[in-house]
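As structure tokens, the structure follows; a few thoughts come after it.
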Amino acid sequence: MKTHWIGDVISGNHDQSEVHLKGWIHRSRGSKRLRFVVLRDSTGTVQCVIKRDVVGDDAFETVESALIESSVEISGMAIPTDREHGHEVQVSDIRIIGPVDPSRPFPITESAMAEADGGETEFLLDNRHLYLRTGRMTTMLKIRSSVFGAIHSYFRERDFIEYQAPNFVAGAVEGGSTLFEVPYFGRKAFLTQSWQLYAEAAMPALERLYTIAPSFRAEKSRTRRHLTEFWHAEMEIAWSGNEEVMNHGGGLVRHIARTLLNERSDELESLGRDLKLIERYASSDYPRMRYDEAIERLKAKGVQVEWGQDLDYSKEKILTEDFEVPHFLTHYPKIAKPFYHRPDPEDPRYVLCHDLLAPEGYGEIIGGGERTWSESEILERIDEEGTPVEPYEFYIDVRRYGGVPHGGFGLGVDRVCAWLAGADHIRETIPFPRDSRRVTP
RNA sequence: GCCGACAUAGCUUAGUUGGUGGAGCGGCGGACUGUUAAUCCGCAGGUCGCAGGUUCGAGUCCUGCUGUCGGCGCCA
């Protein structure tokens, strides 16, 4: 057990009192009589001053030979100092707990980090398990934790029920090409792409539900926005339409930004993020634009685009240039979206859907909308698309027994982390990223 | 699936028109200091991704393969 934390020492909470620290050697330098060990734990780093005539020859020489990332236990006096750290520890006793073998020194060196600079080299990806303990990654993981916490608190404060769907599934949500197929006792199963269809099944029971769960997409995407395994925050709400769902989407994203300002402003600044920007994301309304207007804007900018096309990333990016905050795109043409989107009763060429596009080129972070909720409409839509009915019988049953208006959205948690942290790549936000070319370590 | 780059020590890299591969960091040995990515001196460490080819001679030129990175499409 630990009794003292470095974060408290550097905050001055322990000045002039005895502390017992446990952590890892971040840096070490010194001479025959005096040694400075920069000690790291999960809460920060602090300089520890070790004098030969205080700790004795044996302890001093042990520390002298201890390599970076050796784990140690230190006793000493925390003191304020006018040197650059503000606070340091005058060590009275030090013990190596887990040494590092000099024939295999810690491989993540300054030079390995220097070129990476946010991007990630093959070497750092291969040594991800060790890269996790570096400053930048630790900071990202703390921000990530707060994002997850914010999602839970947003929904729970509004009486949503957390609900879990299976990860092995038999059918697709989107087109089948992006499913991971897995052998399943002589049959085929797939890894889920979305919680949505199973959430709709529980909608008449729970009415307001959400989850944070992994989703899997076998896309050979090679972009800074894609993972094959990503964390998907999804919600489903009964008796609600596109508007209400969209209100929750904007509300959730603002709440995440606000939570980061409250809990992780130091971490955001250490990544070079401008807090004014996050404040703007936390307090602004997000504008809404219909698909048709987006097409007109694109045409006015001289972009080649035709009505009915889905908007790809290059076009989204041009649209987001006009906004300093996330914005919604709504009412896509029916032909560009799958059957579960409900056609707009006021103009059935469109569906009641929305995407939320993050600014700064981070792309789509939410996709959602109102579901096709009556039996006759869903059968008609499935037929129109030529989709086989059989795998969706359970989904259609939801409409056969007391269908009600409902909708929901899915939010890409890793993308939100990347955007708010200002990461160069979505990989930076997840401990062990999975993409089409990497499943290790 | 498509397009474009790259591959030299544990890491980051230099390597000229083809002529026996250098450095910084890290490690080891030593010196020295309330040091700040400490500094200084020395040592070890390389099948130049793999396989062919051209050449008297290939890290360098050519072909193929493998791996990685970046971009597009698809999407969260």
Side-chain angles (χ1 to χ4, degrees), chain A residues 26-38 45 47-51 64-65 67-69 81-85 88 90 100-117 119-127 130-131 135 173-178 193-196 212-234 249 253 309-317 336-338 355-358 362-368 409-419 424-427 429-430 435-438:
Chain A
H26 178 64
R27 292 288 178 271
S28 180
R29 48 180 172 261
S31 64
K32 283 274 179 231
R33 286 187 222 120
L34 185 61
R35 188 128 205 112
F36 304 97
V37 166
V38 179
T45 59
Q47 174 161 282
C48 301
V49 184
I50 299 143
K51 292 175 174 156
E64 245 184 336
S65 63
L67 266 48
I68 284 174
E69 291 304 318
T81 163
D82 47 14
R83 295 179 215 284
E84 71 185 64
H85 309 285
E88 59 184 29
Q90 294 287 343
V100 172
D101 184 344
S103 67
R104 290 182 274 103
F106 192 68
I108 315 282
T109 59
E110 294 285 349
S111 56
M113 300 283 294
E115 286 295 313
D117 191 32
E120 286 149 320
T121 60
E122 180 185 355
F123 175 77
L124 292 179
L125 289 165
D126 285 341
N127 288 279
L130 301 176
Y131 182 56
V173 178
E174 320 274 344
S177 62
T178 63
Q193 299 172 300
S194 168
W195 162 95
Q196 180 194 324
I212 308 177
S215 283
F216 306 89
R217 305 229 171 135
E219 293 158 350
K220 290 188 177 171
S221 309
R222 301 199 46 75
T223 80
R224 55 190 64 198
R225 307 179 304 284
H226 284 85
L227 296 167
T228 51
E229 175 181 349
F230 69 96
W231 285 80
H232 211 171
E234 299 184 80
V253 173
Q309 270 188 314
D310 207 352
L311 299 176
D312 59 43
Y313 177 68
S314 63
K315 299 184 184 68
E316 283 177 2
K317 206 171 171 184
K337 291 286 178 182
D355 288 350
L356 182 63
L357 307 182
Y362 283 92
E364 187 178 336
I365 50 174
I366 280 181
F409 66 78
L411 173 144
V413 183
D414 319 275
R415 280 190 185 174
V416 169
C417 292
W419 162 51
D424 292 331
H425 200 296
I426 193 168
R427 268 197 312 242
T429 68
I430 185 165
D435 63 33
S436 60
R437 297 202 189 172
R438 182 175 286 279

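All values below were derived from every heavy atom in this structure, side-chain atoms included, with hydrogens, water molecules and symmetry-related copies excluded. Chain identifiers are assigned alphabetically (A, B, ...) following the order of the sequence lines, protein sequences preceding nucleic acid strands; residue numbering begins at 1 within each chain.
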Among the nucleotides B:G26, B:C11, B:G34, which one has an atom lying closest to any side-chain atom of A:F123? B:C11
Quick check on B:G70: is either OP1 or OP2 less than 4.0 Å from any side-chain nitrogen or oxygen of A:H425? yes
When the P atoms of B:G57 and B:G42 are considered, how many whole Å apart are they? 39 Å
For A:R29 and B:U35, give me the distance from atom CZ to atom P, rounded to whole Å. 10 Å
side-chain N/O A:R83 vs B:G34 OP1/OP2, d < 4.0 Å: no
I need the CD-C1' distance between A:Q47 and B:A38, as an integer number of Å. 11 Å
Please compare A:D312 and A:R437 by the position of their nearest nucleotide in RNA chain B and report the one closer to 5'. A:R437
Distance in angstrom units between A:R33 CZ and B:C32 P, rounded: 8 Å
On the nucleotide B:C72, are OP1 or OP2 found under 4.0 Å from the side-chain N or O atoms that A:R222 carries? no
Report yes if a side-chain nitrogen or oxygen of A:K32 is closer than 4.0 Å to either non-bridging phosphate oxygen (OP1 or OP2) of B:C32; otherwise report no. no
Mind checking if A:D355 touches a base, just sugar-phosphate, or nothing, with heavy atoms under 4.0 Å? nothing
Taking B:A58 as the reference, what is the distance to B:G52 when you measure between their C1' atoms (whole Å, please)? 13 Å
Between B:C6 and B:U60, how many Å separate the two P atoms, rounded to a whole number? 14 Å
Would you mind reading off the distance between A:I366 atom CD1 and B:A76 atom P, rounded to a whole angstrom? 11 Å
Could you measure between the two P atoms, the one in B:C43 and the one in B:G53, and give it in whole Å? 40 Å
What integer distance in Å separates A:R104:CZ from B:G45:C1'? 17 Å
Rounded P spacing from B:G10 to B:G46 in Å: 7 Å
Assign each of A:R27 and A:S221 the nucleotide of RNA chain B bearing its closest heavy atom; nearer the 5' end lies the nucleotide of A:R27
Does the aromatic ring of A:F230 sit over the six-membered base ring of B:A76, closer than 5.5 Å centre to centre and tilted less than 30°? yes
Kindly say whether, by distance alone, the side chain of A:E219 makes a donor-acceptor pair under 3.5 Å with the base of B:G1? no
Is the count of non-hydrogen atoms from other residues, nucleotides or ligands lying under 6.0 Å from A:K317 atom NZ greater than 12? no
Between CD1 of A:I68 and C1' of B:C11 the distance, given in whole Å, is 13 Å
Return the value, rounded to whole Å, for the distance between atom CG of A:L130 and atom P of B:G10. 17 Å
What does A:V49 touch in the nucleic acid at a heavy-atom separation under 4.0 angstrom: a base, only the sugar-phosphate, or nothing? base
What distance, rounded to whole Å, do you find between the two P atoms, one in B:U12 and one in B:G59? 22 Å
Write down the distance between CZ (A:R35) and C1' (B:C32), rounded to a whole number of angstrom. 12 Å
Quick one: is A:S314 getting a side-chain N or O under 4.0 Å of the B:G73 phosphate, OP1 or OP2? yes
Is the side chain of A:R415 donor-acceptor paired with the backbone N or O of A:Y362 at a distance under 3.5 Å, no angle test? no
Taking OP1 and OP2 of B:U68, is either one under 4.0 Å from a side-chain nitrogen or oxygen of A:R427? no
Whether A:D414 side chain and A:C417 backbone form a donor-acceptor pair below 3.5 Å: no
Could you measure between the two C1' atoms, the one in B:C61 and the one in B:A23, and give it in whole Å? 27 Å
What's A:E88 touching, base or sugar-phosphate or nothing? Going by heavy atoms closer than 4.0 Å. base
Nearest-nucleotide pick for A:P107, side chain only, options being B:C75, B:G10, B:U12: B:G10
B:C56 pairs with, by Watson-Crick or G-U criteria that keep both distances under 3.5 Å: B:G19
Donor-acceptor check, side chain of A:E234 to backbone of A:W195, threshold 3.5 angstrom: yes or no? yes
Answer with base, sugar-phosphate or nothing: what part of the nucleic acid does A:Q90 contact at a heavy-atom distance below 4.0 Å? base
Touch class at under 4.0 angstrom, heavy-atom based, for A:I108 against every strand present: nothing
Using atom P of each nucleotide, how far apart are B:C28 and B:U54 to the nearest Å? 48 Å
Walk me through it: do A:R438 and A:D126 pass the test salt bridge (Lys or Arg N to Asp or Glu O under 4.0 Å)? CA-CA 9 Å; A:R438 182 175 286 279; A:D126 285 341; 3.0 Å; yes
